[in-house]
Amino acid sequence: QVQLVESGGGLVQAGGSLRLSCAAFGSIFSINYMAWYRQVPGKQRELVATILSDDSTHSADSLEGRFTISRDNAKNTVYLQMNSLKPEDTAVYYCNAEVSSKVPESRVAVYWGQGTQVTVSS
């Protein structure tokens with residue numbers, strides 16, 4: 001079993017920055033990709049950014065380059081640096097990862113974190 005533990009959310013003024021972290025714990029052989037999603041009440045969860053095992057990244061075009069995803073493979077951790085935050089960035093941010101495990105059995109599964117609230121005030 002694998003757990004994703006997020007941290008770094010909070011309240012920030014428009015124009016400010018936050019860095020989210022998500023660490024994966026448990027039976028991990030390899031992490032194929034890690035990603036950040038966000039969701040506001042009444043709307044679908046939307047993809048923010050992804051990073052693959054080769055460190056290639058993709059970010060949503062709507063973010064206009066304000067967010068940067070990165071990872072520390074040694075720590076099984078993914079980060080989301082968010083700059084020039086806007087009130088419309090207010091959402092619960094979720095970490096997502098596809099993990100390959102060998103113990104107690106070989107499997108590939110997708111996991112979600114519990115979510116961390118980001119609130120941007122105007």
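Residue numbers run from 1 in the order of the sequence given.
- To the nearest 0.5 Å, the span separating CG on Leu80 from CG on Leu18 amounts to 9.5 Å.
- Placement of Val92 and Val118 in two distinct hydrophobic clusters is found when ILVMFWY residues are connected by side-chain heavy-atom separations under 4.5 Å, directly or transitively.
- Below 30°, between 30° and 60°, or above 60°: for Tyr94 and Trp112 the angle between ring planes is above 60°, a perpendicular geometry.
- Under a 3.5 Å cut-off, the side chain of Ser101 and the backbone N or O of Ser27 do form a donor-acceptor pair.
- The side-chain tip of Arg19 points at the ring of Tyr79 from less than 6.0 angstrom away and within 45° of straight on.
- Partner of Ile69 under the side-chain contact (heavy atoms from CB on, under 4.5 Å) criterion, chosen from Val48, Asp55, Leu20, Ile51: Ile51.
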Full working for salt bridge (Lys or Arg N to Asp or Glu O under 4.0 Å) between Lys86 and Glu64:
CA-CA 12 Å; Lys86 303 176 181 181; Glu64 301 171 322; 3.3 Å; yes
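- In this structure, Arg66 contributes its side chain and Ser84 its backbone to a donor-acceptor pair below 3.5 Å.
- Residue Ser122 comes nearest to Ala14 through the heavy atom pair CA-CB, 4.3 Å, listed as atom of the first residue, atom of the second, then distance.
- Residues Ala24 and Leu4 approach most closely at CB-CD2, 3.5 Å, considering heavy atoms.
- By the neighbour-count criterion of 12 heavy atoms within 6.0 Å, atom CG of Asp54 is densely surrounded, having more than that number from other residues, nucleotides or ligands.
- No hydrogens or angles considered: a donor-acceptor pair under 3.5 Å links the side chains of Arg38 and Tyr93.
- Environment of CD in Gln3: sparse, with no more than 12 heavy atoms of neighbouring residues, nucleotides or ligands closer than 6.0 Å.
- No side-chain heavy atom of Val99 sits less than 4.5 Å from a side-chain heavy atom of Asn32.
- Looking at Glu6, its side chain does come within 3.5 Å of a backbone N or O of Cys95 through a donor-acceptor pair.
- Contact of the Gln13 side chain with the Val120 side chain is not registered, since no non-hydrogen atoms from C-beta on lie closer than 4.5 Å.
- Here OH of Tyr111 is found 9.0 Å from CD1 of Ile28. Values are rounded to the nearest 0.5 Å.
- Checked by atom type and distance alone, the side chain of Arg71 pairs as donor or acceptor with a backbone atom of Leu52 at under 3.5 Å.
- In this structure, Gln117 CD and Thr90 OG1 are separated by 7.0 Å, a value rounded to the nearest 0.5 Å.
- Of the inter-residue distances, the one linking Gln44 atom CD with Leu47 atom CG reads 12.5 Å to the nearest 0.5 angstrom.
- A continuous path of Ile, Leu, Val, Met, Phe, Trp and Tyr side chains, each step under 4.5 Å between heavy atoms, connects Val78 with Val2, placing both in one hydrophobic cluster.
- The line from NZ of Lys102 to CZ of Phe29 is 5.0 Å long, rounded to the nearest 0.5 Å.
- At distances below 3.5 Å, not a single donor-acceptor pair connects side-chain atoms of Gln81 with backbone N or O atoms of Thr68.
- A continuous path of hydrophobic side-chain contacts links Leu85 to Leu63 [ILVMFWY only; heavy atoms under 4.5 Å].
- With no hydrogens or angles considered, no side-chain donor-acceptor pair links Thr77 and Asp72 at under 3.5 Å.
- One finds the OG1 atom of Thr50 at 12.0 Å from the CE atom of Met34 (value rounded to the nearest 0.5 Å).
- The closest side-chain heavy-atom distance from Ile31 to Glu98 is not below 4.5 Å.
- Across all non-hydrogen atoms, the minimal contact from Ser121 to Leu11 is CB-CD1, 4.3 Å.
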